[in-house]
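To start, the structure itself, in C-alpha cells.
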Amino acid sequence: MTGSTAEVALPVLTFQLMGTWARLDLTSDETLAHPVREYVLDWLGSADSDARARSLLRARLTEALTAARQAGGVAAFIASEITPGTPMPVMLTIYSPRDL
C-alpha cells in the first residue's frame with residue numbers, strides 16, 4: 001500500500017442507558033442550540049414564572065457543553081430521570097481525542 005492512505009474503521013461505542021435521556025450532538029454550535037432549548041423546556045416547562053431559570057440553565061448548559069466540545073467531546077447524554085418519578089440529573093460526555 002505504498003503511496004496510498006488506507007481508511008481505518010473507528011470502533012463503535014454503544015450505550016444502553018436506563019431512564020429518560022436527551023442526546024446532544026457537540027459537533028457544532030448549530031447542532032447544540034436546538035437540543036439544549038428542547039431539553040430545558042422539557043425539564044422546566046414553559047411557565048412565564050420559570051423564564052429566568054430556563055435562561056440560566058440554557059446558558060450554563062451551553063457553556064459546559066461548549067467547553068466539552070472544545071476538549072474533544074463529540075456527544076453528551078443528559079438524564080432527567082432514572083425511573084419514572086425519580087429525578088436524577090446526570091450527564092455523560094463522549095470524547096474523541098484529536099490525537100487518536
Side-chain angles (χ1 to χ4, degrees):
M1 293 182 93
T2 305
S4 67
T5 57
E7 298 248 346
V8 177
L10 296 175
V12 175
L13 187 59
T14 304
F15 290 98
Q16 181 77 29
L17 301 171
M18 296 174 48
T20 305
W21 292 76
R23 183 187 190 282
L24 301 147
D25 182 356
L26 304 182
T27 56
S28 73
D29 289 336
E30 294 76 30
T31 61
L32 187 59
H34 181 72
V36 166
R37 279 193 308 271
E38 294 270 321
Y39 175 79
V40 169
L41 188 60
D42 286 347
W43 184 253
L44 296 177
S46 60
D48 289 344
S49 60
D50 293 327
R52 180 161 166 70
R54 283 192 305 276
S55 176
L56 287 171
L57 183 55
R58 276 192 309 269
R60 298 236 169 102
L61 190 53
T62 299
E63 181 181 320
L65 293 170
T66 298
R69 180 168 44 93
Q70 291 171 346
V74 294
F77 298 84
I78 304 174
S80 53
E81 62 182 14
I82 298 299
T83 61
T86 307
M88 183 71 144
V90 175
M91 183 186 299
L92 171 68
T93 307
I94 309 301
Y95 289 88
S96 179
R98 292 173 184 89
D99 57 351
L100 286 183

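This chain uses plain numbering: 1 for the first residue, then up along the sequence. Atoms considered below: every heavy atom in the structure, side chains included; atoms not considered: hydrogens, waters and symmetry mates.
Between W21 and I78, the closest side-chain pair of non-hydrogen atoms is not below 4.5 Å.
Closest heavy-atom contact between A68 and L26: CB-CD1, 4.1 Å. When all heavy atoms of S96 and V74 are compared, the closest pair comes out as CB-CG1, 3.8 Å.
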Would you tabulate the side-chain donor-acceptor contacts of residues 82-95 under 3.5 Å, counting partners in other chains and residues two or more places apart, or write 'none'?
from: T83; atom 1: OG1; to: T86; atom 2: OG1; distance (Å): 2.9

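Qualifying side-chain hydrogen bond (donor to acceptor under 3.5 Å, both in side chains) partners for R69, counting only residues two or more places apart in sequence or in other chains: D29. Listed by chain and number, the residues in a side-chain hydrogen bond (donor to acceptor under 3.5 Å, both in side chains) with D25 are T27 (sequence neighbours excluded). The side chain to side chain contact (heavy atoms under 4.5 Å, CB included) search around S28 returns E30, T31, not counting sequence neighbours.
Atom CG of L17 is separated from atom CZ of F77 by 6.5 Å, given to the nearest 0.5 angstrom. We find the CG-CG distance between L57 and L41 to be 11.0 Å, quoted to the nearest 0.5 Å.
Sorted by first and then second residue, the side-chain hydrogen bond (donor to acceptor under 3.5 Å, both in side chains) pairs with a member in residues 32-49 read H34-E38; sequence neighbours excluded. Residue pairs satisfying the side-chain hydrogen bond (donor to acceptor under 3.5 Å, both in side chains) criterion with at least one member in residues 54-67, sequence neighbours excluded, are absent.
In terms of hydrophobic clustering, with Ile, Leu, Val, Met, Phe, Trp and Tyr side chains grouped at heavy-atom distances under 4.5 Å, L44 and V36 are assigned to a common cluster.
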